[in-house]
Number of protein chains: 2
Amino acid sequence: MGVSHRKPVTMKDVAAHAGVSAATVSRALSGGRSMNPAVRDRVQAAARDLGYQINLLGRALRQQRLNIVGLMVPDLDNPFFAALAEQLARTLRSHGFELLVSSAAGSVEVEAQGVQSFLGQQIHSLVIIPCDEVESAATLRLAQQRVTVVQFDRRVATVDVPFVGGDNAAGMELIAAHVRATGVSESEVAFFGADPHSSSGRERWEGFHRAFPNSPQFSGAFDIDWGYQAVTELLSRGTKTGTIVAAADVIALGAISGLHAAGMNVPGDFRVVGFDGVGIASFALPKLTTVRQPVEKMSDAIRLLIGAEPGSATPAETLLQPEFVLGESSPE
Amino acid sequence: MGVSHRKPVTMKDVAAHAGVSAATVSRALSGGRSMNPAVRDRVQAAARDLGYQINLLGRALRQQRLNIVGLMVPDLDNPFFAALAEQLARTLRSHGFELLVSSAAGSVEVEAQGVQSFLGQQIHSLVIIPCDEVESAATLRLAQQRVTVVQFDRRVATVDVPFVGGDNAAGMELIAAHVRATGVSESEVAFFGADPHSSSGRERWEGFHRAFPNSPQFSGAFDIDWGYQAVTELLSRGTKTGTIVAAADVIALGAISGLHAAGMNVPGDFRVVGFDGVGIASFALPKLTTVRQPVEKMSDAIRLLIGAEPGSATPAETLLQPEFVLGESSPE
DNA sequence: ATGAAAGCGCTAACAC
DNA sequence: GTGTTAGCGCTTTCAT
């Protein structure tokens, strides 16, 4: 093991090998300018012979931009964010962009550092799912001075950066309508909320609260452990039956797991409703009743913002409608 | 909307503002060289005043490398890969590296393109979960000519690139021992295999085959849909009961979902065993019996390889032992 | 301890 | 249609 690395082949090497100038190599390999086909072929052959690979740094330094879009996510362990990343990567790739993903590990400091690094690399634009609707503001402002920025799924309201995401209020209304249709009373519903410092966490909380102002509400994080733990809190109040509305599918999954561990049956004893409907979480058993975020439409909307001319008019907000999905965790 | 972007502040600007040369700015901001503290403070103040952010491309072009590690994964939707990415990002961050993730979307072509792009960006090193144990070879060879490369979780055997991953054979032995201990006969066990063109898919298949050479085996992909579909195939053979060993947790999850849809009970009618034990899939209900891959140890091993001097002796293979986890999908 | 100057690899303006 | 030249932002000799 321990192979030493070959000195990179540069354009100058290819130029010498093909008997032309570096500029001609550049044109032959990437330029769209007209040129002698014979020369072009000779250059391409030389590049192949020598195993030439372009140094994108050189190009980017000269052109003042790299054809790469950066995506900053709070946490890749959350399957909703992972699904967003995968979908966005595919959408952007089909439009000539490459996506690189960085995780903030749930920390605004790491988020800030990652964005700084993206900016330092002269990325074309930045898509960010902000960690915190207050503390991420500085990072967003900084980024916006340098590149096109799009907030995705979560937003910082105090900053003038376009947003693409699902309509959390509408999603909660769909859920509330379903819960009401099942005939449960307000006192029998509980909300397992997520991070209230994120806009999605807060908006879903508010949406629930608007529909069921007197129901118990618990606040935690966007992860499975919190759902499990929240069940413990709920059961310790002596609750033996009811409906649980979770702020995310992962929380719902944890809740179902916790209920199961406590000997409860879903949907027999408790009905559980999730939020997101994307990625592996919604496939758990019993299959989740949830609202599905339109991930493809979200990615398309982002692509439009990214592709737009800087300075051109773009919507400040693209709110997409979720779709109700009836599963088995909350049958009618 | 549509803010136009400020012209970036360069070192020259900072130098002029502080009344020093660009070289001094460089030393004051990043250099470890000794210098007049008063001058250093003045430069740092100037940088702050002007909102200077370093252009990493300029630095990298000069230094011939960027302090970034690239991770190429086959697919971020697979929660095992997402968990690996998240863990590796954390491990590397605590050792001064930054991790950027790119998804191959399951395609060797996209994989090749993504690796090319990483190399073009002069990344410090590349960690790759190869898509295909044959067709990814060229990409690996190419990458190894330029940077330190580590194969992760999956490997291409025909290439001399160090590998870090779980011991799939040992994992399958743990599973086989468990299945045997539950007293099921060979004819009652079925294997839901994954992509046979990946080393992990093949090795788990072989491990199962060694233990149960006469059991039925189905081959598909590393995703939930395949697990669901495989159940259909199994049931169409008239099977009414038995044990299903899946090559991955996501497949097991799909299988459980399919069994459920077909009116079957787990573990009553069918017992299901998974593989990976990491990320959200293993939390599904009924809680999966699986073998857990030691993701943290894997990340540490990778960090050691990446941090090693190029040319120094490093292990060609780091095989880590999975741990049996008894869940509820296959009780004794 | 600091400055001047060269140069990393590439492309775009300009000249021929 | 192709070569020459300049320069993107940074670091690193080499002088001073």
Side-chain angles (χ1 to χ4, degrees), chain A residues 5-44 46-47 50-68 116-117 119-124 146, chain B residues 5-44 46-47 50-68 116-117 119-124 146:
Chain A
H5 307 133
R6 192 176 303 172
K7 179 176 155 296
V9 178
T10 73
M11 269 197 174
K12 223 196 287 191
D13 301 326
V14 177
H17 195 260
V20 296
S21 74
T24 299
V25 175
S26 175
R27 285 189 278 255
L29 297 181
S30 35
R33 289 279 294 278
S34 64
M35 64 181 295
N36 186 329
V39 176
R40 155 169 292 153
D41 292 347
R42 206 167 74 234
V43 170
Q44 288 176 341
L50 300 179
Y52 171 73
Q53 295 175 242
I54 191 169
N55 182 329
L56 294 174
L57 267 35
R59 168 185 286 179
L61 191 60
R62 175 65 223 235
Q63 297 188 329
Q64 302 278 42
R65 64 195 182 90
L66 204 48
N67 197 26
I68 284 180
Q116 287 263 15
S117 172
L119 296 177
Q121 288 169 71
Q122 315 301 103
I123 53 168
H124 176 279
R146 307 280 280 96
Chain B
H5 307 133
R6 193 175 301 173
K7 179 175 156 293
V9 177
T10 73
M11 270 197 173
K12 222 195 291 192
D13 301 326
V14 177
H17 194 260
V20 295
S21 74
T24 300
V25 175
S26 174
R27 285 189 277 255
L29 298 181
S30 34
R33 289 277 296 278
S34 64
M35 63 181 297
N36 187 328
V39 175
R40 154 169 295 153
D41 291 349
R42 206 168 73 233
V43 170
Q44 289 176 341
L50 300 179
Y52 172 73
Q53 294 175 240
I54 191 168
N55 182 327
L56 293 174
L57 301 187
R59 167 185 285 178
L61 190 60
R62 175 63 221 236
Q63 297 187 330
Q64 304 279 40
R65 65 188 179 113
L66 204 49
N67 196 28
I68 283 180
Q116 288 263 15
S117 172
L119 296 177
Q121 289 170 71
Q122 316 300 102
I123 53 168
H124 176 279
R146 308 279 279 97

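Any value given below was found using the heavy atoms of this structure, including those in side chains, with hydrogens, waters and symmetry copies removed. Numbers restart at 1 for each chain; the letters A, B, ... are given by sequence-line order, proteins then strands. Values in this document were obtained by computation on a predicted structure and should not be read as measured data.
No side-chain heavy atom of A/Ile68 sits less than 4.5 Å from a side-chain heavy atom of A/Gln121.
Heavy-atom minimum distance, B/Ser117 versus A/Leu56: O-CD1, 3.7 Å. Counting all heavy atoms, side chain and backbone alike, A/Val14 lies closest to A/Val9 at CG2-CG1, 4.2 Å. Residues A/Leu57 and A/Asn55 approach most closely at N-OD1, 2.8 Å, considering heavy atoms.
Contact annotation: B/Ser34 reaches the phosphate of C/dA1 (side-chain N/O to OP1 or OP2, under 4.0 Å).
Side chain of B/Asp41 to main chain of B/Ala38: no donor-acceptor pair is present (N/O by atom type, distance under 3.5 Å, no hydrogens or angles).
Remark: P of C/dC10 and CG of A/Leu66 are 14 Å apart, rounded to the nearest angstrom. Following rounding to the nearest Å, B/Arg42 (CZ) and C/dT2 (C1') show an atom-to-atom distance of 11 Å. As a whole-Å value, the separation of B/Leu29 CG from C/dT2 P is 13 Å.
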Contact string for nucleotides 8-16 of chain D, one letter per nucleotide 5' to 3', B = base within protein heavy-atom range under 4.0 Å, S = sugar-phosphate only, - = neither, reads BBBBB----
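For B/Arg65, the CZ atom counts as loosely surrounded, since its 6.0 Å shell holds 12 or fewer non-hydrogen atoms of other residues, nucleotides or ligands.
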